[in-house]
Amino acid sequence: MSKPNKQDLSLLRDRIDQLDGDILRLISERAECARQVAETKTASDPDAVFYRPEREAQVLRRVMELNQGPLDSEEMARLFREIMSACLALEQPVKVAYLGPEGTFTQQAALKHFGESAISLPMAAIDEVFREVEAGAVNYGVVPVENSTEGVINHTLDSFMDSSLHICGEVVLRIHHHLLVADTTLKDKVSRIYSHPQSFAQCRKWLDAHFPHAERVPVSSNAEAARLVKSEWHSAAIAGDMAAKLYGLTHVAEKIEDRPDNSTRFLIIGNQQVPMSGADKTSLVVAMRNQPGALHDLLEPFHRHQIDLTRLETRPSRTGVWNYVFFIDFAGHLDEPRVAAVLDEVRLRASELKVLGSYPQGVL
C-alpha cells in the first residue's frame with residue numbers, strides 16, 4: 001500500500017477539521033435542547049426529576065445498535081455517556097454519594113454510570129451512603145453488592161432490609177488490580193504491601209509467586225493503600241488506575257488479579273421508582289415461613305411463568321434464630337403483567353415481600 005502524499009494528508013486533515021466543527025455544532029444543539037427540556041419541566045413542576053435512568057439506558061442501547069464502527073459499540077456509548085452527563089449538568093447537576101474514600105472502585109463505578117460531570121461525594125461506610133440519599137442530601141448513591149470472585153457484600157444487602165430506598169440502576173465494573181509504588185520507592189526493596197483484604201484474596205496466587213515474603217497489611221480501601229505508599233520507600237500498594245492517578249503512583253505490574261474475568265457489580269440507589277426501559281431487572285427481599293418446602297414454594301411460580309432468576313442469596317433474618325430471608329434478582333419489570341402475576345402468587349406464600357426496585361439492566 002502506497003504512503004499518502006502531503007496533499008492527501010492535507011485533504012484528510014481539512015476533512016477532520018470540518019467534521020470536528022460539525023460535531024461541535026451538533027453537541028451545542030443537543031445541549032440547548034437539554035436546557036429547553038429543563039425549562040419546560042421546571043415550568044410545569046418545580047420538583048421535576050431530571051435524571052431518567054430508563055431514558056438514558058434506551059439512548060445508550062440505541063447508540064450501540066446504530067453504531068457501524070470503526071469504534072466499537074461500547075466505546076461509542078461511553079462517548080455519548082459523557083455528552084449526556086454534560087448536558088444533564090446544564091439542567092441540574094446530579095449529586096452522587098459513593099463508598100469512599102476518593103479513588104476507590106466505587107467512585108470509578110459512579111463516574112462510569114453518571115459521567116464525569118456528576119458531583120461525586122465520598123462516604124466512609126455503606127450505611128452512610130444510604131443515609132445521605134434518604135435525607136435528600138444527594139440524588140443517588142452507589143454501593144457495591146457482589147464480586148464475581150468473592151461473592152456478595154453482606155453489608156449492602158443488610159442495609160436494604162431497613163431502608164425505603166429503591167434500586168434505580170446497576171453497573172458492572174471489570175476490576176483490574178495493579179502493583180503500585182511511589183517515585184521514592186526502591187522497587188527491589190519492597191517488604192510491605194498495602195491493600196483491601198478482598199484485593200489480597202483476589203491476587204493471592206500472584207503475590208505468592210512474586211512477593212512471597214512481603215508483609216501484607218490490610219487497610220480500609222485500595223485508595224487508602226495508595227495514599228500510605230506515597231510516604232514510604234519500602235512499600236507497595238494494590239489498587240486500580242484511579243487511585244494510581246490520584247496519588248501519582250507508578251505501575252510495577254499490571255492486572256495482577258488471579259482471575260481475568262474479575263468483576264464487581266454496583267447498585268444505584270435513589271428515592272424514585274423507574275419505569276420500564278425494555279430490558280430490565282427486578283430485585284426483591286422475601287421472608288418465607290419456616291416450613292418444609294418453603295424454598296420450592298418460593299421459586300415454583302418463577303419457573304412456571306418462565307421468568308429468569310439471575311441471583312438468589314440468603315441472609316439471616318432479624319426476626320428469629322435460624323430464620324432466613326432471600327434476596328432475589330430476576331429479568332423483568334414490575335409493570336409487566338407476568339411479573340405482577342408472579343409477585344401476587346409469591347405474596348400469598350411468603351410471610352413478607354419487599355420489592356427493592358425495577359431498573360434497567362447495565363448497559364456499559
Would Gln108 and Asp241 satisfy side-chain contact (heavy atoms from CB on, under 4.5 Å), going step by step from the backbone distance to the final call? CA-CA 9 Å; Gln108 188 176 338; Asp241 288 321; 5.6 Å; no
Within this structure, what is the [atom1]-[atom2] distance for the pair [X] and [Y], rounded to the nearest 0.5 Å?
X: Thr282; Y: Ile167; atom1: OG1; atom2: CD1; result: 9.5 Å
X: Lys230; Y: Leu228; atom1: NZ; atom2: CG; result: 13.0 Å
X: Glu146; Y: Phe266; atom1: CD; atom2: CZ; result: 11.0 Å
X: Ser221; Y: Gln198; atom1: OG; atom2: CD; result: 12.5 Å
X: Met288; Y: Leu353; atom1: CE; atom2: CG; result: 9.5 Å
X: Arg192; Y: Arg216; atom1: CZ; atom2: CZ; result: 14.5 Å

Decide ring pair (Phe, Tyr, Trp, His ring centres under 6.0 Å) for His177 and Phe105; before the verdict, give the C-alpha distance in whole Å, the side-chain angles of both, and the deciding distance to 0.1 Å. CA-CA 10 Å; His177 294 300; Phe105 287 114; 5.6 Å; yes
With a 3.5 Å cut-off and no angle check, do the side chains of [X] and [Y] form a donor-acceptor pair?
X: Tyr359; Y: Ser283; answer: yes
X: Glu170; Y: His113; answer: no
X: Glu257; Y: Asn262; answer: no

Keeping the roles fixed (side chain from [X], backbone from [Y]), state whether a donor-acceptor pair exists under 3.5 Å.
X: Arg259; Y: Cys203; value: no
X: Arg349; Y: Asp297; value: yes
X: Thr185; Y: Val181; value: no
X: Ser28; Y: Leu24; value: yes
X: Arg265; Y: Val152; value: no

Tell me, yes or no, whether the heavy-atom count around Arg311 atom CZ, taken from other residues, nucleotides or ligands under 6.0 Å, exceeds 12.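 Yes - once you tally the heavy atoms of other residues, nucleotides and ligands closer than 6.0 Å, there are more than 12.
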Go through the steps to decide whether Gln202 and Asp258 satisfy the test side-chain contact (heavy atoms from CB on, under 4.5 Å), and finish with yes or no. CA-CA 6 Å; Gln202 293 169 10; Asp258 295 331; 6.0 Å; no
Is any side-chain heavy atom of [Y] closer than 4.5 Å to one of [X]?
X: Ile175; Y: Ser263; value: no
X: Tyr98; Y: Ser120; value: yes
X: His234; Y: Leu186; value: no
X: Lys41; Y: Phe50; value: yes

Hey, is [X] close enough to [Y] for a salt bridge, meaning N to O under 4.0 Å?
X: Asp208; Y: Arg204; value: yes
X: Glu134; Y: Arg131; value: no
X: Arg304; Y: Glu300; value: yes
X: Arg35; Y: Glu32; value: yes

Passing option when Thr264 is tested against Thr149, Asn147, Thr106 for side chain to side chain donor-acceptor pair (under 3.5 Å):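 So the option named by the test is Asn147.
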Using side-chain hydrogen bond (donor to acceptor under 3.5 Å, both in side chains), reason through His305 and Glu345 one step at a time and then give a plain yes or no. CA-CA 11 Å; His305 288 269; Glu345 287 191 44; 3.1 Å; yes
Applying side-chain contact (heavy atoms from CB on, under 4.5 Å) to Leu207 and Ile193, what does each step give before you reach the verdict? CA-CA 10 Å; Leu207 290 171; Ile193 299 176; 3.8 Å; yes
For a quick test of reading the model, state the closest non-hydrogen atom pair linking Arg61 to Ala279 and the distance between them.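 Distance-wise, the nearest heavy atoms are NH2-O, 2.8 Å.
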Distance-minimising heavy-atom pair for Leu180 and Ala244: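 Minimum heavy-atom separation between Leu180 and Ala244: CD1-CB, 3.6 Å.
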Is the distance between the ring centroids of Tyr140 and Tyr51 under 6.0 Å?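 Distance test on ring centres: under 6.0 Å, yes.
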Could you check whether Phe130 and Phe160 have their ring centres less than 6.0 Å apart?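 Ring centroids of Phe160 and Phe130 are less than 6.0 Å from each other.
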side-chain contact (heavy atoms from CB on, under 4.5 Å) partner of Phe330, the single match among Asp308, Val339, Asp280: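 Between Phe330 and the candidates, side-chain contact (heavy atoms from CB on, under 4.5 Å) is satisfied uniquely by Val339.
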Evaluate the criterion side-chain contact (heavy atoms from CB on, under 4.5 Å) for residue pair Leu298 and Val286; output intermediate values, then yes/no. CA-CA 9 Å; Leu298 170 61; Val286 183; 3.9 Å; yes
Would you mind writing out the side-chain donor-acceptor pairs for residues 67-78 within the sub-3.5 Å range, not counting sequence neighbours?
unit_1, atom_1, unit_2, atom_2, d
Asn67, OD1, Gly69, N, 3.2
Asn67, ND2, Leu71, O, 2.8
Asn67, ND2, Ser73, OG, 3.4
Asp72, OD1, Glu74, N, 3.2
Asp72, OD1, Glu75, N, 2.7
Ser73, OG, Met64, O, 3.3
Glu74, OE2, Arg78, NH1, 3.1
Glu75, OE1, Arg78, NH2, 2.6

Starting from the C-alpha separation in whole Å, work towards a yes-or-no answer on side-chain hydrogen bond (donor to acceptor under 3.5 Å, both in side chains) for Ser195 and Asn222. CA-CA 5 Å; Ser195 195; Asn222 289 348; 3.0 Å; yes
side-chain hydrogen bond (donor to acceptor under 3.5 Å, both in side chains) contacts in which one or both residues fall within residues 81-97, not counting sequence neighbours: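 Counting only pairs at least two positions apart or across chains, the side-chain hydrogen bond (donor to acceptor under 3.5 Å, both in side chains) contacts touching residues 81-97 are Glu56-Arg81.
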For His251, all residues meeting ring-ring contact (aromatic ring centres under 6.0 Å, His included), sequence neighbours excluded: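 Partners of His251 under the ring-ring contact (aromatic ring centres under 6.0 Å, His included) test: His178.
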